[in-house]
Every structure is written in C-alpha cells, then in structure tokens.
There are 2 protein chains.
Amino acid sequence: MPDISPASPAAVADALAERIRATGARATPARIRVLELLSAAPAPLSHQDIEAVLGADSLDRVTLYRVLDWLVESGLAVKRVDERRVWRFSLAGGGTHHGHVHFRCETCGRVFCLDTPPPRPPKLPGGFTLARAELDLSGRCAECNAGNV
Amino acid sequence: MPDISPASPAAVADALAERIRATGARATPARIRVLELLSAAPAPLSHQDIEAVLGADSLDRVTLYRVLDWLVESGLAVKRVDERRVWRFSLAGGGTHHGHVHFRCETCGRVFCLDTPPPRPPKLPGGFTLARAELDLSGRCAECNAGNV
DNA sequence: AGGGCAGATGCAACCGAGTTGCAAAAGACG
DNA sequence: CGTCTTTTGCAACTCGGTTGCATCTGCCCT
C-alpha cells in the first residue's frame with residue numbers, strides 16, 4: 001500500500017527535526033512528537049491534553065514538561081496560563097495559532113477560538129516593543145445561555 | 001489620646017462591616033481585615049501577599065482562602081491568575097483595577113498597567129454574551145530594550 | 001563504522017498552591 | 001440565656017509542576 005497522503009508523515013517529521021536541529025538541540029522522538037502535536041492543534045494544549053493524545057506510548061510526565069519548557073526556551077513555542085491555572089502551549093509566531101481571539105464560557109468552562117481578527121494594539125509607552133497581543137473574552141456561550149444549567 | 005486621623009480606622013472598619021452585612025453574611029474580623037487590605041492595595045494581592053501583611057496575627061491559611069472565595073462569590077472582589085499561576089484578588093467594580101490593558105515584559109517578567117482604554121470587543125457568535133474582556137500584551141519593556149540583558 | 005560524550009530521558013521523591021471534611025468556636029436571634 | 005447557623009482552625013489530601021540523579025542516546029569526530 002503506497003503512501004499517497006498529501007504530505008507523508010515521515011517528511012513532516014523530517015522537516016520538524018530539521019527545525020529542531022536548527023536551534024542547536026538534538027532531534028529526539030519526544031521533541032518531534034510534541035512539535036507535531038502542537039503544529040496540528042487548533043488551540044493551545046495543556047500538559048494533560050498532550051499526555052492524553054500520546055496515550056499508550058506516552059512520554060514520561062517529567063520529560064514532557066522538559067520538552068515543553070525547551071520549546072519555549074528555544075522560541076518554538078509560547079506558554080501561557082489559562083483561567084484554571086494550568087499552562088497551555090502553542091507554537092510561536094507563524095504557527096496556525098496566530099493572535100486570534102479566545103472566548104471562555106464562565107459557565108461550562110469551554111474555550112472557543114473566534115476567527116475575529118485581533119484588535120489593533122494600542123500604542124505603547126516609549127521604548128516598549130510588542131511581541132504578542134492576546135484578547136481574552138469571557139461570558140456565557142450560546143449553549144449555556146440557551147436555558148440549561 | 002484622641003484619634004484625629006483623617007478617617008478613623010474604626011470608622012472604616014464599620015463601613016466595611018456594613019457592606020459585608022449587606023450581602024447577607026456575617027461581618028467577621030477575618031472578612032473585615034481582608035477587605036481592608038484589598039481596598040488599600042494598589043494592585044491585586046495574592047494569597048501569599050495577604051498572609052505576609054497579616055503577619056503575626058494571621059488567619060489560618062484555609063480561612064483566608066475561604067474568605068477570598070467568599071468575597072468573589074459575593075461579588076465584592078474578582079480573582080485572576082497571574083503569570084506565575086497564582087490567584088490574585090482585587091476589589092470588584094469601582095476599584096482601581098477596572099478593565100485596562102496589561103503589558104508583560106518577557107525579559108524581566110514585570111507587568112505594567114497601561115492606561116490605554118481597552119479596545120471595544122468584536123462581535124460574538126450568536127447567543128454568546130460577553131461579561132469581561134482582557135487585552136494582554138507582551139514584549140520587552142523600555143528598560144530591557146535599553147541594552148541590559 | 002564505531003567511540004565517546006554532552007545532552008536527553010526516566011524514575012522517584014519532592015514542593016507549593018489550593019481543596020475537603022470535620023469538629024470546635026463565635027455570631028445572630030428569639 | 002439557649003439554641004441554631006455560620007465561620008474558623010486543623011489535618012490530611014489533591015494536583016500541577018519541579019528537582020536530583022542514574023541511565024541512555026543522538027550526534028560528532030575520527
């Protein structure tokens with residue numbers, strides 16, 4: 001059975017490995033897997049999310065933490081705390097997760113990614129440079145407003 | 001020795017006690033103390049900050065958590081996670097900490113409160129209702145840009 | 001190809017913030 | 001003053017995250 005998928009998984013992994021080596025670090029399976037996951041994810045992932053996806057052949061808890069921290073340190077990813085006080089990681093910069101808007105429902109806790117473009121950032125005090133802007137909205141989602149709860 | 005300070009501490013405490021009773025709860029020393037602290041604080045306080053200020057005659061750790069949670073529940077305060085994943089509490093509503101914009105320096109970690117008004121929020125998908133909007137910016141502050149680090 | 005070593009991993013134990021359950025103390029109210 | 005409810009304090013626990021250390025491995029250099 002020939003592999004005719006648009007971009008072969010192996011090729012993707014190779015590209016990621018290359019990107020990892022470019023930072024001067026070793027391209028290990030753990031890093032490649034995690035990077036793959038993050039690139040594919042539509043929203044920032046928590047440590048738990050990743051552990052759940054990796055499932056059976058999961059990495060050690062600690063290794064995962066270290067991989068994630070390394071990603072942040074090397075500039076490939078950014079981390080941020082969510083409203084429930086857990087770290088969430090997403091690809092940095094050009095990734096699919098570029099400054100869009102998040103909405104968190106205060107009733108059911110779910111997070112929605114709105115495709116609304118982010119507001120143009122206000123001017124900063126002199127000397128400040130902006131790397132990233134996040135608009136976080138919260139309230140009630142349609143479902144929770146629709147009677148239940 | 002007559003107390004001639006601008007607003008006598010006792011009077012302030014009484015006013016706060018009144019506000020507490022207005023919510024239907026008991027005006028206990030613990031609640032009054034914490035509420036005093038929060039009203040006086042220039043920035044949101046963490047559990048630890050409060051414990052440190054109370055110092056010697058401090059409340060039990062758990063009681064403090066409960067008082068804080070009660071404050072939030074009764075609408076007198078709001079809580080929010082900071083970049084170090086700890087809860088920070090501030091007086092709700094009319095407080096000094098109303099929907100403004102935060103800038104966090106990725107180099108030194110400090111948080112600046114900009115007085116820029118928050119952008120007007122984008123339209124939400126049908127059925128969603130907005131309760132709160134936060135614009136979080138990050139980058140480098142003037143000081144860190146000025147050569148050091 | 002294979003050796004060597006810095007860098008990465010896994011394990012176990014640890015940490016600190018926050019939570020829960022329960023009995024004792026303190027307000028409120030008749 | 002008695003009783004009934006709310007708060008408090010204590011102890012034990014959960015959970016996300018971290019640290020120390022021994023083992024393993026990707027990668028470079030012959």
Side-chain angles (χ1 to χ4, degrees), chain A residues 10 13-37 44-74 76-89 109, chain B residues 13-14 16-35 44-74 76-89 109:
Chain A
D14 272 5
L16 291 176
E18 209 40 61
R19 228 167 117 196
I20 292 172
R21 277 192 216 96
T23 71
R26 291 186 191 164
T28 65
R31 287 177 180 163
I32 298 175
R33 293 292 310 278
V34 173
L35 207 45
E36 275 176 338
L37 253 64
L45 298 176
S46 69
H47 177 114
Q48 251 198 76
D49 293 338
I50 300 179
E51 249 186 340
V53 174
L54 291 179
D57 52 0
S58 83
L59 307 166
D60 183 73
R61 236 164 62 82
V62 178
T63 302
L64 179 48
Y65 276 117
R66 288 201 269 235
V67 166
L68 290 170
D69 280 348
W70 167 83
L71 280 169
V72 172
E73 216 173 276
S74 66
L76 292 174
V78 293
K79 74 173 174 180
R80 125 178 259 296
V81 273
D82 74 4
E83 286 298 322
R84 298 218 256 327
R85 302 197 326 118
V86 308
W87 290 117
R88 293 198 165 266
F89 299 82
Chain B
D14 271 5
L16 291 175
E18 210 38 62
R19 232 168 113 195
I20 292 171
R21 277 194 214 93
T23 71
R26 290 186 191 163
T28 66
R31 287 177 178 162
I32 297 175
R33 296 287 306 279
V34 173
L35 207 45
L45 298 176
S46 68
H47 177 112
Q48 252 199 102
D49 294 338
I50 299 178
E51 249 184 338
V53 174
L54 291 179
D57 53 358
S58 84
L59 308 165
D60 182 73
R61 240 164 58 79
V62 178
T63 301
L64 179 49
Y65 276 117
R66 288 199 269 234
V67 167
L68 289 170
D69 280 348
W70 168 83
L71 280 169
V72 172
E73 216 172 279
S74 66
L76 292 174
V78 293
K79 74 175 175 180
R80 164 171 225 295
V81 274
D82 74 2
E83 285 298 323
R84 296 216 266 323
R85 303 198 326 119
V86 308
W87 291 117
R88 293 198 165 267
F89 298 83

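Quick note on labels: first sequence line is chain A, next is B, and so on, each numbered from 1.
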Task: Ring-face cation of B:Arg31 near B:Trp70 (centre distance under 6.0 Å, axis angle within 45°) - done: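 The answer is yes; both the distance and angle limits are met.
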
Task: Which nucleotide in D:dT6, C:dA17, D:dG17 has an atom nearest any side-chain atom of A:His47 - done: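 Taking heavy atoms from C-beta onward, the closest nucleotide is D:dG17.
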
- [ ] Could you please name the option among C:dG10, D:dC27, C:dT9 that lies closest to any side-chain atom of A:Ala30?
- [x]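 Looking only at side-chain atoms, A:Ala30 lies closest to C:dT9.
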
Open item on the list: Let's test your reading of the model: under 3.5 Å, does the base of D:dT7 pair with the side chain of B:Arg26 as donor and acceptor?
Closed with: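 Flag unset: no donor-acceptor pair detected.
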
Task: Any donor-acceptor N/O pair under 3.5 Å between D:dT7 base and B:Arg31 side chain - done: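 No, the side chain and the base share no sub-3.5 Å donor-acceptor pair.
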
Phosphate OP1/OP2 of [N]: any [X] side-chain N/O under 4.0 Å:
X	N	result
B:Tyr65	C:dG18	yes
A:Arg21	D:dC27	yes
A:Thr28	C:dT9	yes

Let me know the distance between [atom1] of [X] and [atom2] of [N], rounded to the nearest Å.
X	N	atom1	atom2	answer
B:Leu68	C:dT19	CG	C1'	14 Å
A:Leu45	D:dG16	CG	C1'	16 Å
B:Asp60	D:dG9	CG	P	6 Å
B:Glu51	C:dA17	CD	P	9 Å
A:Arg66	D:dT18	CZ	P	11 Å
A:Asp82	D:dG17	CG	P	9 Å
A:Arg61	C:dC14	CZ	P	15 Å
B:Ile32	C:dG27	CD1	P	10 Å

- [ ] Hey, which sits more toward the 5' end of DNA chain C by its nearest nucleotide, B:Arg88 or A:Gly24?
- [x]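 Closer to the 5' end of DNA chain C: A:Gly24.
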
TODO: Side-chain contact test, heavy atoms from C-beta onward, threshold under 4.5 Å: evaluate it for A:Leu68 versus A:Ile50 and give yes or no.
DONE: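 Yes; the side chains approach each other to less than 4.5 Å.
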
Open item on the list: For a quick test of reading the model, state the closest non-hydrogen atom pair linking B:Val78 to B:Val72 and the distance between them.
Closed with: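 Closest pair (atom of B:Val78, atom of B:Val72, distance): C-CG2, 4.3 Å.
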
- [ ] By nearest nucleotide on DNA chain D, pick out whichever of A:Trp87 and B:Thr63 is the more 5' one.
- [x]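 Checking each residue's closest nucleotide, the 5'-ward one belongs to B:Thr63.
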
- [ ] Assign B:Val62 to base, sugar-phosphate, or nothing according to its heavy-atom contacts below 4.0 angstrom with the strands shown.
- [x]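 Result for B:Val62 = base.
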
TODO: Would you classify A:Arg85 as touching base, sugar-phosphate or nothing, given that sugar-phosphate means primed atoms plus P, OP1 and OP2, and contacts are heavy atoms under 4.0 Å?
DONE: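 Sugar-phosphate only.
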
Task: Nearest-0.5 Å distance, CD1 of residue A:Ile32 to CZ of residue A:Arg26 - done: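 With rounding to 0.5 Å, CD1 (A:Ile32) is 13.5 Å from CZ (A:Arg26).
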
Task: Ion pair check, B:Asp69 and B:Lys79, cut-off under 4.0 Å - done: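 Result for this pair is yes, salt bridge flagged.
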
